[in-house]
Every structure is written in C-alpha cells, then in structure tokens.
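Shown next, in structure tokens, is the structure this report addresses.
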Amino acid sequence: MNETALTVHQTARPHGFPTAEHFTFVESALPGPAAGSALVENLYWSVDPYHREMMDDVPGGFALDAPLEGRTIGRVIASRTPRLTEGEIVFHRQGWRTHTVVTPEEIRQLPRFDKVPLTAYLSTLGGTGLTAYVGLTRIARLQEGEDLFVSAAAGGVGTATGRFARLLGAGRLVGSAGSAAKAAHLTREVGYDAVFDYHDGPAADLLGKAAPEGIDVFVDNVGGAQLAAAVGALREFGRIVRVGTISQYNTPDAPPPRFNYADIVEKSLRMEGFLVSNYRDMQEELYEFAVPHLQSGRLAPDETVVDGFEHIVDAFLGMLRGENTGKIIVRDRTQARGPVRTTPPCGPGCPQ
C-alpha cells in the first residue's frame with residue numbers, strides 16, 4: 001500500500017479563467033483512521049462546472065490552501081468501525097485527494113447492479129444524471145411529445161438530459177454545442193434531432209433554424225444569449241429549467257441576457273432554477289428509472305475518462321474549455337481497462 005497521500009489545494013482566487021497556477025499538489029503521510037472511522041483509497045473523481053463557482057470568494061466556496069471537495073468513489077482499505085468493512089466501495093464528497101478518512105455518516109454505500117460500471121455512479125446515476133432527471137420530471141414536468149432545447153448539450157448534464165428525454169417520450173430534441181464534431185456526435189449517438197454550433201452565428205438565428213416551430217421546454221446550462229433566444233422560441237406555457245450559467249463562470253462582469261420580458265407574461269412562461277442537493281431523496285427513483293435501461297443497453301453513459309490523479313487539474317480546466325464529451329471523470333490508474341479516451345498533458349504544478 002502506498003504510504004503517502006496527495007491532495008489538491010487551491011492557492012489563489014482566479015480573475016477570469018483559472019489556470020494550473022491556481023492549484024498545487026500537496027504530499028503528506030497516509031492518514032490513519034481514528035476510532036469510528038475508516039481510511040478510503042479513492043478510485044474515481046468527478047470534476048464539475050460548479051467547482052468553478054466555488055473557486056471564487058463566495059459563501060460555501062473553496063477555502064484557500066485546503067483540500068478541495070467533490071464527488072468521489074473509493075475503496076475502504078482500513079476500518080475502525082463495524083459499519084464500514086475493508087474492501088467496500090463507497091461514495092463521498094471529500095474530493096480531490098488520493099486518500100481520505102471518513103465516518104459512516106459521510107459516505108453513501110453504493111448498490112451494485114449487474115452490467116453497470118462504477119463510473120456510472122458519477123455520471124448517469126450520480127449528481128449529473130440526477131440533475132437531468134430532476135430537471136425533466138420535477139421542474140419541466142415534461143410531457144410526452146413535447147419539444148426541447150438543451151444548451152451545452154454535449155456536457156454531462158446535456159447528454160444525460162438528451163438520453164433521458166428520449167426515454168421519457170420527448171418530441172423534437174434540439175441542442176447547442178461548441179463544435180461541429182460534438183454536434184455530429186449528439187445527433188449520431190445521443191438522439192438529438194438537430195444540434196447547432198453556437199459559434200456559427202447569433203443564437204436566436206441558429207435556434208430558429210433548428211426549431212422553426214418553437215419549443216416547449218428549455219434546459220439551460222449556459223445562460224446569456226442562448227437563454228434570450230430560448231425565451232423568444234418558447235411556445236405558450238413553455239418552461240425554462242435553469243441548471244447553470246457556464247457562459248458567465250469565467251466572465252462574471254458580462255452583461256445579462258436581453259430579451260422581451262413581455263414574453264414571460266404573454267406566453268405564460270415559467271422559469272425555475274434548482275440545486276440538485278435539494279433532491280437527494282430522489283436517488284432511488286433515479287436508480288429505478290435508469291438502471292434497467294443501462295442494463296438493457298437502451299441507455300449509455302456518456303463519459304470522458306482521464307487516467308491518473310495527477311491529471312485532475314488538467315481535466316477540470318479542459319472541462320471548462322469544453323474539451324470533454326459527456327461527464328468527465330478522473331480514474332486511478334489501477335482501474336484502467338483498455339485504451340484511455342482522454343488524457344490531457346500534466347500542467348504546471350503537477351507532480352512528476
């Protein structure tokens with residue numbers, strides 16, 4: 001067993017787009033579990049868009065020079081509590097570190113389903129999938145045959161939303177993405193009917209071409225001009241599900257979107273945002289919905305997997321630049337099977 005542990009700390013607040021210089025890897029002795037706790041060796045790490053917001057000086061944000069939190073799956077390797085057994089696979093939120101000490105109250109024991117990989121608990125069955133599921137079933141209250149527009153459709157939430165919407169009987173499914181290659185992947189593999197590259201022109205024009213008869217639901221991961229375009233394209237009684245504002249994470253001074261506010265009243269539109277942390281009681285419902293489809297092959301996880309904890313910062317920065325398709329997950333090298341789909345080069349501050 002490795003006798004040292006690595007953690008990632010944030011060392012400074014970014015102004016605009018973060019860089020590798022805002023992070024550092026810290027090596028320490030392997031922690032030992034106290035009575036009532038267990039030592040976990042982490043195997044899979046989630047890097048998510050919300051981490052960028054937490055890098056700023058905001059309530060509940062990351063503390064400087066301290067380990068970063070995040071969704072993680074690991075294996076218990078030493079235990080001093082009968083409630084956690086060695087070899088058990090657990091989910092926790094202690095994040096960007098190779099090892100951590102947890103109590104039973106700080107973990108979730110993962111059910112193991114036949115033909116379902118562990119990575120699914122960070123993508124389709126994790127916070128990403130739960131966000132998509134809650135957005136469609138509780139916020140949008142999607143009805144069979146309704147037409148959707150999803151911004152950032154090639155990201156983790158966007159791909160899960162597309163696949164879930166298809167399973168829920170959605171009508172026309174339109175998305176936006178950051179490249180022609182991503183647009184092609186979404187129409188070929190995920191089930192979108194039309195996807196535009198948002199770099200190709202004004203969002204309102206692009207959406208108008210992709211959805212000339214309008215939309216019923218907009219799942220918004222981006223904000224900005226795409227939100228304004230969707231307000232114009234929504235039909236009567238349309239719904240806007242606000243998930244995130246990626247377009248402003250690194251440009252907080254960007255002006256808010258401009259749209260016709262009268263549309264909200266005249267078309268009886270509804271806009272609602274939510275935090276998935278307020279819907280954790282729906283985890284079992286998500287399993288009941290998604291697991292049978294994963295097992296049958298009707299539902300495929302969309303994941304970009306990066307091998308090696310030493311690449312976690314680069315994976316995060318690459319996600320912010322839109323280099324991933326689907327949910328981006330960092331995997332311990334011991335878990336690698338077959339070719340690696342994506343491995344960014346190790347950046348400054350990375351241990352060699």
Side-chain angles (χ1 to χ4, degrees), residues 42-54 68-74 91-93 95-96 108 110 113 116-136 150-167 175-179 181-182 185-186 189-192 195 219 221-222 243-244 246 249 276-277 279 283 286-287 289-291 293-294 299-309 311-332 335-337 340-344:
N42 293 324
L43 306 175
Y44 299 93
W45 298 266
S46 175
V47 294
D48 296 286
Y50 81 88
H51 286 140
R52 173 60 189 89
E53 294 179 280
M54 295 182 69
L68 305 185
E69 72 102 68
R71 303 180 181 110
T72 309
I73 293 172
F91 170 94
H92 63 85
R93 299 188 63 91
W96 296 23
R108 186 170 82 235
L110 296 177
F113 300 106
V116 175
L118 276 176
T119 53
Y121 294 98
L122 294 178
S123 60
T124 309
L125 300 180
T128 298
L130 189 59
T131 298
Y133 185 74
V134 169
L136 290 171
V150 182
S151 59
V157 172
T159 50
T161 297
R163 291 190 185 274
F164 287 178
R166 274 282 166 257
L167 294 171
S176 68
S179 71
K182 286 185 177 183
H185 171 80
L186 290 168
E189 303 292 341
V190 180
Y192 278 84
V195 180
V219 179
N221 297 291
V222 173
V243 176
I246 296 172
Y249 285 166
V276 73
S277 58
Y279 291 85
Q283 187 67 56
L286 174 63
Y287 289 158
F289 169 75
V291 168
H293 294 304
L294 285 168
L299 177 62
D302 295 277
E303 300 170 351
T304 295
V305 178
V306 175
D307 267 345
F309 179 77
H311 295 300
I312 192 168
V313 170
D314 297 285
F316 170 64
L317 298 177
M319 181 266 302
L320 292 180
R321 291 189 293 264
E323 295 173 1
N324 58 298
T325 298
K327 179 74 186 76
I328 189 162
I329 296 170
V330 179
R331 175 176 61 184
D332 185 79
Q335 304 303 300
R337 298 289 184 273
V340 183
R341 290 180 58 187
T342 303
T343 303

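One-based numbering along the sequence shown. These values consider heavy atoms only, across backbone and side chains, with no hydrogens, waters or symmetry-generated copies.
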Which heavy-atom pair separates [X] from [Y] by the least distance, and what is that distance?
X	Y	result
Arg93	Tyr50	NH2-OH, 3.1 Å
Val306	Ala315	CG2-CB, 4.1 Å
Trp45	Leu43	CZ3-O, 3.7 Å
Ala153	Gly175	CB-CA, 3.9 Å
Leu186	Ala154	CD1-N, 3.8 Å
Thr161	Ala132	OG1-CB, 3.4 Å

Problem - 4.5 Å side-chain heavy-atom contact, Leu122 and Phe91 - result: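 Yes. Closest side-chain heavy atoms under 4.5 Å.
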
Problem - Min side-chain heavy-atom separation Asp332-Asn42 under 4.5 Å - result: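 SC-SC contact between Asp332 and Asn42 ruled out.
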
Problem - Which residues share a salt bridge (Lys or Arg N to Asp or Glu O under 4.0 Å) with Arg321, sequence neighbours left out - result: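 Here the qualifying residues are Glu323.
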
Distance (rounded to the nearest 0.5 Å) between [X] [atom1] and [Y] [atom2]:
X	Y	atom1	atom2	answer
Ile73	Leu118	CD1	CG	5.5 Å
Ile312	Leu317	CD1	CG	11.0 Å
Thr159	Tyr192	OG1	OH	7.5 Å

Practice task
Show the numbers, then the answer: is there a side chain to side chain contact (heavy atoms under 4.5 Å, CB included) between His311 and Val330?
Solution key: CA-CA 8 Å; His311 295 300; Val330 179; 5.6 Å; no

Within the side chain of [X], is there an N or O that forms a donor-acceptor pair under 3.5 Å with the backbone of [Y]?
X	Y	result
Thr72	Gly70	yes
Ser176	Ala152	yes
Lys182	Asn324	yes
Asn221	Gly244	no
Lys327	Val305	no

Exercise for the section: Please name all residues satisfying side-chain contact (heavy atoms from CB on, under 4.5 Å) with Ala120, sequence neighbours left out, ordered by chain then number. Expected result: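 Val116, Pro117, Ser123, Leu125.
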
Exercise for the section: Measure up the Trp96 and His51 rings against each other and bin them: parallel (under 30°), tilted (30 to 60°), perpendicular (over 60°). Expected result: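 Answer is perpendicular, since the angle exceeds 60°.
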
Exercise for the section: Could you give me the CA-CA distance, side-chain angles and deciding distance for Thr325 and Asp302, then say whether side chain to side chain contact (heavy atoms under 4.5 Å, CB included) is met? Expected result: CA-CA 7 Å; Thr325 298; Asp302 295 277; 5.5 Å; no

Exercise for the section: Please test Arg163 against Thr124 for side chain to side chain contact (heavy atoms under 4.5 Å, CB included), starting from the C-alpha separation and ending with a verdict. Expected result: CA-CA 10 Å; Arg163 291 190 185 274; Thr124 309; over 6 Å; no

Handout entry: Partner residues of Thr128 under the side-chain hydrogen bond (donor to acceptor under 3.5 Å, both in side chains) criterion, sequence neighbours left out
Key =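 Testing Thr128 for side-chain hydrogen bond (donor to acceptor under 3.5 Å, both in side chains), a comparison that skips the adjacent residues, returns none.
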
Problem - Within the 6.0 Å centroid threshold, strictly below: Tyr279 and Tyr133 - result: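 Aromatic pair excluded; centres sit 6.0 Å or further apart.
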
Problem - Aromatic contact, Tyr44 with Tyr121 (centres under 6.0 Å) - result: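 Centroid distance Tyr44-Tyr121: not below 6.0 Å, so no.
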
